[in-house]
Amino acid sequence: MSEKKEKSAGELLREKLVMKSKNGFSKLSDEHLAVIDAYCEGYKAYLDASKTEREAVIAAVALAEENGFIPYVKGMALKAGDKVYLNNRGKALLMAVIGTRPITDGVTIAAAHIDSPRLDLKPVPLYENTELAYFDTRYYGGIKKYQWTAIPLALHGVIVRKDGTSVTVNIGEDDNDPVFCITDLLPHLGREQMSRTAGDVVRGESLDILIGSRPFKDDEGSDAVKLNILNILNEKYGIVEEDFLSAELEAVPTYKAKDIGFDRSLIGAYGHDDRVCAYPAVTAILDAGTPAYTAVTILADKEETGSAGNTGMQSAFLEYFIDDIASAFGEKGHHVLSNSICLSADVNAALDPLYPEVMVATNAAKVNHGVCITKYTGGGGKGSTSDASAEYMGKVRSILDANDVLWQTGELGKVDAGGGGTVAQFIANMDVDTVDLGVPVLSMHAPMEIVSKIDVYMAHKAFLATMKRD
Ligand code: MN
Ligand code: MN
């Protein structure tokens with residue numbers, strides 16, 4: 001053993017003054033890492049059950065009810081410790097635990113979204129071309145279209161029949177199910193295609209899903225393959241072609257969430273954005289006990305298309321819910337909102353060493369460095385974003401540090417590289433102090449996205465610590 005050398009003045013000063021970002025593996029004990037791995041098994045199960053916003057609501061409601069949450073009924077009396085949820089049209093969810101402080105002290109909000117980029121069937125989706133049957137689609141959210149060909153797809157959603165009854169569709173997930181696929185051009189004949197820009201290599205109208213090739217037998221009429229598909233759908237789901245007009249069917253990758261890497265430190269899955277924040281936002285409120293401030297978890301729909309519509313964060317449903325809770329205490333909703341704080345729980349881009357040119361390393365989130373606080377999103381000159389105040393950043397920092405949450409900060413790429421937004425701006429617009437906090441993701445919006453297990457768990461810890469603030 002060598003003698004302990006005294007630290008130089010420079011070393012001491014560096015320790016005192018210079019900001020450090022630490023990889024979680026250098027800070028966390030083996031026991032802590034085992035807790036993190038176990039937590040992520042629950043997350044993977046949630047992912048596999050929640051490939052669409054509707055399924056994500058169903059899975060979250062199940063967790064809520066197991067933990068004593070009951071449906072909120074307009075006008076119901078509320079007291080500290082009460083746990084309620086409100087299912088907004090099956091596609092968005094509000095959960096609340098009533099705190100001990102007066103409601104006008106404000107609430108703590110964690111707001112994630114549960115929709116992910118995918119391919120939606122058009123209202124008239126089914127057609128036959130050259131004796132092959134297809135579903136015509138329109139993509140939902142920001143995708144690189146070329147990533148969606150030649151991968152196995154499942155269909156999830158709901159069809160409402162003319163008589164008002166509905167049928168749930170989930171096909172392609174079970175090992176015995178057939179799957180679906182979008183064809184791509186063979187490289188041998190792809191010379192013209194490969195000379196196009198990447199956004200144009202596969203065009204939106206080429207993203208049609210191959211669904212069959214076998215004609216209805218004993219039929220000399222036209223479109224016998226389509227007829228046969230309709231017959232199968234009629235037998236399986238009791239629907240006719242017109243019923244697609246009142247349907248929401250979403251094509252998503254079939255694969256399940258998997259550990260990535262020999263060391264199993266990462267998770268690859270479809271739809272981390274933003275279930276990787278939704279799940280921790282749910283588990284945090286389940287673990288929050290009876291907090292001082294009322295805690296609210298929001299799982300919103302439609303973020304990937306701009307948060308419009310009655311299940312998106314631009315809708316009044318949050319405002320109405322807060323107003324209802326305030327009314328239970330004889331108070332006004334906006335008096336509650338003005339004193340509330342929000343963690344806008346959404347993912348950020350992780351620094352990808354294969355594509356360093358779009359990031360500034362000092363201001364980029366790194367895999368395994370913990371949950372990422374993003375002061376502002378947007379792009380260019382901070383367009384279309386809510387920029388969290390220094391005061392609120394200071395408050396969140398101190399909560400996270402006091403609770404040993406591993407966290408880092410990150411911008412969404414270089415100033416002029418592009419940009420994006422989250423629901424933060426819509427909640428901030430309600431006079432709520434809001435900042436983005438979420439998990440860094442590699443290959444964001446790809447059919448398989450990648451996150452670190454440490455970072456997922458730190459999102460849970462961050463939401464929990466904030467909900468339990470005193
Ligand atoms: Mn997102
Ligand atoms: Mn997204």
Side-chain angles (χ1 to χ4, degrees), residues 43 46-47 50-53 55-57 60 91-93 109-120 139-145 147-148 250 252-253 267-282 297-309 311-315 318 342-350 352 358 364-365 367 371-379 384-386 388 410-413 417-428 434-452 455-456 459 462-463:
Y43 171 50
Y46 181 79
L47 272 176
S50 309
K51 289 199 176 176
T52 66
E53 60 283 3
E55 292 169 354
V57 166
K91 299 200 277 186
L93 185 70
I109 300 169
H113 69 91
I114 47 176
D115 60 318
S116 295
R118 60 179 192 250
L119 306 174
D120 285 350
Y139 60 89
Y140 173 98
I143 64 166
K144 288 179 164 178
K145 296 187 281 285
Q147 292 178 332
W148 289 75
E250 307 173 6
V252 296
I267 305 169
Y270 164 70
H272 280 310
D273 178 9
D274 186 34
R275 287 148 206 153
V276 74
C277 299
Y279 181 74
V282 170
T297 286
I298 307 168
L299 306 185
D301 181 27
K302 295 287 181 281
E303 193 279 338
E304 297 296 357
T305 55
S307 296
T311 54
M313 245 8 273
Q314 295 204 60
S315 153
L318 171 63
C342 174
L343 296 175
S344 166
D346 207 344
V347 299
N348 199 339
D352 186 337
V358 297
V367 163
V371 71
C372 175
I373 301 183
T374 306
K375 188 171 182 294
Y376 48 84
T377 58
S384 300
T385 184
S386 151
E411 277 191 317
L412 184 56
T422 65
V423 301
Q425 54 185 319
F426 309 118
I427 296 172
T434 306
V435 70
D436 278 296
L437 180 145
V439 176
V441 177
L442 292 167
S443 298
M444 195 197 294
H445 282 207
M448 178 172 272
E449 304 174 305
I450 297 173
V451 299
S452 124
D455 301 342
V456 177
F463 300 138

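Both ligands and their constituent atoms are indexed starting at 1 by order of listing.
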How many degrees, to 10°, between His113 NE2 and Asp346 OD1 as seen from the Mn ion (ligand 1)? 100°
Could you tell me if the ring centre of Tyr279 sits under 6.0 Å from that of His272? no
For the Mn ion (ligand 2), which N, O or S atom of Glu304 is at the shortest distance? OE2
Decide whether Thr311 and Asp301 meet the rule of one side-chain donor and one side-chain acceptor closer than 3.5 Å. yes
Closest approach to the Mn ion (ligand 2) by Asp273, given as the N, O or S atom name: OD2
Quick one: does Tyr43's side chain have a donor or acceptor within less than 3.5 Å of a partner on Val276's backbone? yes
Do the side-chain N and O atoms of Asp273 and Ser116 include a donor-acceptor pair separated by under 3.5 angstrom? no
